[in-house]
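See structure below.
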Amino acid sequence: YACSSAAGGLRMMASGLVPELTAQAARQASLGAGAKVLKTYAFQLTEDDAEEISASKPDIFLLVGGTDGGNTECILHNAQVLADIGGEFPIVIAGNRTASRQCQRILSDREVHLCENVMPKFGVLNIEPAQKAIREVFLRRIVKAKGLSKTDSLLSGILMPTPSAVMRAMELLACGCEEESGIGDLLAVDVGGATTDVYSVSEGAPTQVNTVCKGLPEPFVKRTVEGDIGMRYSVRGILDAAGPGKLSRISGLPIPRVQTLVQFLREHTDTLPNGNPELEALDRALASCAIEAAVTRHAGTMEEAYTLNQPHTKFPSHTYVQTGKDLTQVSNLVVTGGSLIHTEQTSKIASYALYDPAQPMSLRPKQARVLVDRQYILSAMGLLAASHPACALRIMKKEITVDGDPK
């Protein structure tokens, strides 16, 4: 069995009708299929959008928009824009079924995959069919691009994108299977050189009274990818997100030195600390801030609001509005990535994923035990889970250990 990371991830773009609804549904479908989303567009694509898409050369484009029987003008317009752009990237159509066949005809010269609507009714998600189509395109293109068709004698096949394999492993570890129980809800962070991936397996329902949810329902198994946050190729993104002052405080290095070293790492992406005290200190700070920024973006947020309970009530009642998943009660934090496994301060770095009183509206876990994937087995266990879930789960329970515990 094998999986593939597609040399940095399948580069996807998507367009939808409304940012908070179909465009967000498109994003969830893309990320859940193991893709790296370059950009999501809302409303009708413009000439500037068309130029940007053409220049970006995505690996695949997800075209959605409108509930079934709803608006068709937007998705038909966007289909025509994509037809005029040209290019070789496949297009997955997963919007208003009233317009799907017409979109297919408009794009008759392109590779098109027709799927069920990602949001057939207002607020109802149906992203699995689109995810399946995206994964199939992903695997076919990667096998061809990497010449893996020559390995038929060794492999049963490339089963899934690497992020999908990790997602499957995380779900198995959390939920268990028929023969073996899981460990419960979890949050997982993989800090890489170019991106930081975050996974959560949790309902994410409100835990505070007087709370209403805003936006689309959150998937039970959720993945986000921060393409601007990474330890080397995207190190500048960490500096921009955290600020030089915070990196200086955590590392103990002067701000000018932090800025100099960040630029050095950006230009020399294969650099490892190798016992250099300054680079070790900076790497700890970079990993800490990468985790904090990525988990903050992944987790939900809470806002205070005041409403009138009854039309004639003179005094407003105090309520909260939750957007995204409430992860405050998640008690397992799984971490991996070179900056976390090759250090004696794993738990300290990982603690930046937890709730911070200075950011009271961020719904990050309040406390969690830190579990470390030191052997990088998550993607392999996701593959094994397809045929031997109980075996994969037992291996993960043995190998993914609490930080500080003897093996």
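Note that these values count all heavy atoms, side chains included, but never hydrogens, waters or copies made by symmetry. Bear in mind the structure is a predicted one, so any value in this text is a computation, not a measurement.
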Check your understanding: Is the CZ atom of R97 crowded by more than 12 outside heavy atoms at less than 6.0 Å?
Key -> no
Check your understanding: Do L363 and Y355 touch side chain to side chain, with heavy atoms closer than 4.5 Å?
Key -> no
Exercise for review: Using a cut-off of 6.0 Å, state whether more than 12 heavy atoms not belonging to E304 lie near its atom CD.
Suggested key: yes
Exercise for review: Mind listing the closest non-hydrogen atom pair of L340 and A350 along with its distance?
Suggested key: CD2-N, 4.3 Å
Review point. Does K397 have any salt bridge (charged side-chain N to carboxylate O under 4.0 Å, His left out) partners at least two apart in sequence or in another chain, and if so, which?
Key: E180
Check your understanding: Around Q367, counting heavy atoms of other residues, nucleotides and ligands shown, do more than 12 lie under 6.0 Å from its CD?
Key -> no
**Study point:** Contacts of type side chain to side chain contact (heavy atoms under 4.5 Å, CB included), residue T296, not counting sequence neighbours
**Key:** E292, Q359, S362, R364
Point to revise | Considering all heavy atoms, the nearest A94-V64 contact | key: O-CG1, 3.3 Å
Check your understanding: So which pairs with a foot in residues 229-243 pass side-chain hydrogen bond (donor to acceptor under 3.5 Å, both in side chains), sequence neighbours left out?
Key -> R232-D283, R236-D240
**Study point:** Which residues share a side-chain hydrogen bond (donor to acceptor under 3.5 Å, both in side chains) with E179, sequence neighbours left out
**Key:** none
Point to revise | Minimum heavy-atom distance between T162 and S379, given as atom pair plus value | key: CG2-CB, 3.9 Å
Point to revise | Euclidean distance, L186 CG relative to M170 CE, rounded to 0.5 Å | key: 5.5 Å
Revision key, fill the gap. Taken in chain and number order and not counting sequence neighbours, the residues that satisfy side chain to side chain contact (heavy atoms under 4.5 Å, CB included) with E218 are Q28, K222, K325
Review point. Should we say atom CZ of R101 is surrounded by more than 12 heavy atoms from elsewhere, each under 6.0 Å from it?
Key: no
Review point. Taking the six-membered ring for Trp, are Y41 and F61 parallel (under 30°), tilted (30 to 60°) or perpendicular (over 60°)?
Key: parallel
Point to revise | Contacts of type side-chain hydrogen bond (donor to acceptor under 3.5 Å, both in side chains), residue E116, not counting sequence neighbours | key: N126
Review point. Considering residues at least two apart in sequence or located in another chain, which fulfil the side-chain hydrogen bond (donor to acceptor under 3.5 Å, both in side chains) criterion with S202?
Key: D185
Practice item. Sort out for me which residue in N96, D68, T98 forms a side-chain hydrogen bond (donor to acceptor under 3.5 Å, both in side chains) with N117. Key: D68
Practice item. Taking side-chain hydrogen bond (donor to acceptor under 3.5 Å, both in side chains) as the test, write out the residues that go with D326, two or more places apart. Key: T207, T328
Check your understanding: Are any of the side-chain heavy atoms of T401 and D373 separated by less than 4.5 Å?
Key -> no
**Study point:** Euclidean distance, D197 CG relative to H298 NE2, rounded to 0.5 Å
**Key:** 11.0 Å
Practice item. Answer whether the closest heavy-atom distance between the side chains of I341 and T346 falls below 4.5 Å. Key: no
Exercise for review: Kindly state each residue pair satisfying salt bridge (charged side-chain N to carboxylate O under 4.0 Å, His left out) with at least one member in residues 267-281, sequence neighbours excluded.
Suggested key: R257-E278
Review point. Mind checking what makes side chain to side chain contact (heavy atoms under 4.5 Å, CB included) contact with D228, not counting sequence neighbours?
Key: E226, R297
Study note, to complete from the structure: Contacts of T211 meeting side chain to side chain contact (heavy atoms under 4.5 Å, CB included) (sequence neighbours excluded), chain-then-number -> P206, Q208, M302, Y320, Q322
Revision key, fill the gap. Across all chains, not counting sequence neighbours, the ring-ring contact (aromatic ring centres under 6.0 Å, His included) partners of F220 are none
Review point. Looking at S288 and R284, what are the two nearest heavy atoms and their distance?
Key: OG-O, 2.7 Å
